[in-house]
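Counting from 1, the numbers follow the sequence of the chain as shown.
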Amino acid sequence: YDKLVKNKLCVTARGNFVTLHKVDGKLYFEIPAKYLNREMLLASTISEASDNNLCAIGYKPKPPMHIKFTKTDSTIFMREVNVTATCNENEGHMKTVMERSFMDPIIGSYKIYCYTNDSSAFLLDMTSLFTGNSERLAPISSGGGMVEITAVFNSAGSILDGIKAFDDNVTVKSYLSYSVSAKMMGMFIVKKNEPLTVKATRTLLLLPEEKMHPRVSDTRIGVFVTNTKQHISTDEDRIQIYTLANRWRVEPKDVEAYKRGELVEPVKPIVFYVDDAFPAMWKEPVRKAALRWNVAFEKIGLKNVIQVRDFPKDDPTFDPDNLKYSCIRYVPAAITNAMGPSWTDPRTGEIINASVIIFNDVVKLANQWRFLQTSPADPEVRKMKLGDDMLGECIRYVVSHEVGHCLSLMHNMAGSSAIPTDSLRSPAFTQKYGTTYSIMDYARNNYIAQPGDKERGVRLTPPELGIYDYFSIKWLYTPFLDMRTPEEEVPVLSAWISEKSGDPIYRYGKQQLDVHIDPSSMEEDLGDNAVKSAEYGVRNLKYVLEHLNEWVGKKDFDYSFRARMYNEVLYQYLRYVNHVLSNIGGIYLNERYASDKRPSYQPVPKERQKQALHFLLQEMKDLSWLNGEQFKEGFALSGNMSNLIEDELFESLMNCPFALNLCAERTKSNPYTEEEFMEDFSRFVWESTRKGKTLTETEKSWQIKFLTLVFGNAGVQKGLNEESMGALA
């Protein structure tokens with residue numbers, strides 16, 4: 001030990017938890033024996049990168065490892081703590097059962113290098129864990145998806161950097177190098193064997209022995225949860241499966257004052273540190289966005305729960321990449337996104353760390369949203385660059401949404417669907433509620449508002465927080481000071497949800513990632529009537545295209561802004577179409593308990609499905625406005641988008657029967673059947689023929705496509721070509 005620590009090249013970081021020694025490219029952990037079997041988290045954060053499109057600064061790409069160290073003879077094992085099962089501790093034999101059946105698996109082994117002189121601690125050579133290709137700590141890894149990344153580790157370009165030690169954690173910084181290749185959709189080569197170097201900060205954090213009081217989750221409310229657990233006991237004649245709600249440890253500092261109904265501060269506030277790399281103008285909107293959530297905590301008797309601080313300049317212990325600090329980070333990348341991930345104590349669901357990652361070009365997205373969705377009603381946004389006040393408003397919305405995720409709130413895609421569409425043109429309603437009952441919805445700006453509505457007082461933006469957001473914070477964070485176990489809380493928490501189950505304002509609509517069955521839980525929609533909302537939305541899109549040259553023509557000398565907005569008009573139109581299309585064969589879905597007033601599922605009424613079909617068919621009659629003829633001289637050569645969209649829409653309608661059959665099967669009376677749908681569709685396609693009218697080219701195209709798809713779906717397309725289809729038509 002003396003030979004190691006007295007080496008002139010040895011750099012030591014000494015703390016009250018673990019002491020680190022770095023010498024000659026090697027890293028030694030000095031672990032006091034008293035920390036054997038203590039539970040810890042080991043996590044990796046990206047501190048620097050040569051390509052921030054692949055590695056976002058401040059991001060933790062993998063969940064923390066939940067570990068502990070055990071000793072057998074002269075070997076120290078690193079084990080992953082198994083918290084997949086719990087038992088009734090009053091049943092004494094269950095402890096033995098748990099030890100036998102749910103042991104902690106070994107994920108690493110280390111020979112003891114030496115002991116300290118008083119034998120109170122042992123040293124381990126941990127170099128390979130922090131400079132090698134550890135998959136669980138890797139800042140980048142090979143993976144699929146739209147962009148398939150292959151990362152080959154380069155050990156020659158990987159080396160230790162700085163070390164720090166504190167009261168309950170240590171950090172190790174390493175440079176890690178890779179050779180990276182990337183393909184888009186499995187075909188287009190984006191990168192090929194390009195070098196990538198990442199500086200990663202790894203934190204080993206000691207978990208508290210006194211665990212947070214956990215809260216059992218409920219599928220009827222949108223909060224993030226721990227991994228599935230099982231409870232083994234004789235309480236029920238089965239193994240009980242459950243999850244815990246992820247949440248911060250928010251406990252009142254003055255319990256007696258809290259019981260008297262006074263506003264009290266928490267024992268430990270939730271502190272977010274704001275990146276000093278943010279553009280100066282962004283910082284105040286970012287700060288206000290996070291503090292906005294304090295209003296929700298005040299409604300449950302807690303004040304100053306969330307605090308926002310700048311990166312400290314005079315604190316040598318501060319490290320934004322340490323697991324101890326939750327930060328709002330800025331990433332100067334051309335990515336139109338933001339995110340709010342969090343990391344938890346797997347034992348209880350306690351949130352240990354959360355980060356808001358803001359990519360630079362999220363302001364580009366905010367600019368597009370405001371321009372596209374509100375310019376017909378708001379002359380102030382009819383320009384290429386938003387003013388600081390308006391941009392700040394957009395940043396506050398984005399950041400408050402992501403802070404909501406950091407508080408454990410999931411997306412609630414039903415937040416806006418409870419609002420009557422026409423209420424979004426009401427000054428009184430929108431000033432009070434904005435565009436949605438939850439900012440965790442993907443409800444953006446008020447695209448329902450029409451020219452002149454702003455002057456009447458109609459609000460064009462989402463609320464600061466929605467009614468559902470207040471309810472979620474109440475459910476998740478209200479302290480139950482007189483209840484000793486999570487099980488005691490369940491009846492009260494469940495009753496809160498059941499009491500609101502008849503009110504659509506408090507409904508949780510899950511995000512549908514692959515197939516959209518429920519038309520009331522859609523991304524980017526507004527209002528309770530998709531057809532009426534789409535009619536307003538399409539009217540506004542036409543208004544934008546009609547006036548775009550007038551608004552920005554002279555300043556947009558290279559047509560780049562108009563080209564971008566034209567593309568956004570097309571995407572927005574397709575969103576409106578999909579909102580309406582999902583009603584055909586749609587089924588409203590709800591998580592339901594026995595005491596709830598809301599059914600677990602409810603088919604979309606027949607008249608609403610027919611209304612949706614009628615709207616889409618009428619839209620197909622004239623999509624020429626989507627071609628943007630007034631911009632052609634400044635745009636790159638391209639075909640008519642109306643033809644492409646018409647083809648996609650036509651095919652989507654022909655693919656409705658599967659959903660229609662499922663919906664009709666679940667409809668108790670007067671279902672909208674596949675046969676009736678096809679009759680309505682066919683009547684539209686052949687209307688002019690039946691009336692003896694000369695067909696337009698568009699109508700000929702419909703008939704050819706109709707026959708092509710009918711024959712194709714019937715499996716008799718072989719031998720038929722477009723010419724023969726045309727002859728039949």
Quiz item: Residues in side chain to side chain donor-acceptor pair (under 3.5 Å) with His66, at least two apart?
Solution: Glu39
Practice problem: Using the test salt bridge (Lys or Arg N to Asp or Glu O under 4.0 Å), find all partners of Arg329 that sit at least two apart in sequence or belong to another chain. | Solution: Asp275, Asp321
Quiz item: Does any pair with a residue in residues 30-52 pass ring pair (Phe, Tyr, Trp, His ring centres under 6.0 Å), and if so which ones, sequence neighbours excluded?
Solution: Phe17-Tyr35
Quiz prompt | Any residue meeting salt bridge (Lys or Arg N to Asp or Glu O under 4.0 Å) with Asp469, in chain and number order, not counting sequence neighbours | solution = none
Quiz prompt | Counterpart residues, salt bridge (Lys or Arg N to Asp or Glu O under 4.0 Å), relative to Lys313 (two or more places apart) | solution = Asp276
Self-check item: salt bridge (Lys or Arg N to Asp or Glu O under 4.0 Å) partners of residues 220-233, not counting sequence neighbours, each pair once
Solution: Asp218-Arg220, Arg220-Asp596
Quiz item: Mind checking what makes salt bridge (Lys or Arg N to Asp or Glu O under 4.0 Å) contact with Glu209, not counting sequence neighbours?
Solution: Arg38
Quiz prompt | Non-neighbouring partners of Asn82 that pass side chain to side chain donor-acceptor pair (under 3.5 Å), sequence neighbours left out | solution = Thr84
Quiz prompt | Pairs satisfying salt bridge (Lys or Arg N to Asp or Glu O under 4.0 Å), at least one member in residues 152-179, at least two apart | solution = Asp161-Lys199, Asp168-Lys324, Lys173-Asp319
Self-check item: Pairs meeting criterion ring pair (Phe, Tyr, Trp, His ring centres under 6.0 Å) with involvement of residues 166-205, two or more places apart
Solution: Phe153-Tyr178
Exercise. Any salt bridge (Lys or Arg N to Asp or Glu O under 4.0 Å) involving residues 233-243? Give me the pairs, sequence neighbours left out, ordered by first then second residue.
Key: Glu236-Arg238
Exercise. Give every residue pair that meets the salt bridge (Lys or Arg N to Asp or Glu O under 4.0 Å) criterion with at least one member in residues 102-127, sequence neighbours excluded.
Key: Lys26-Asp125, Lys68-Asp104
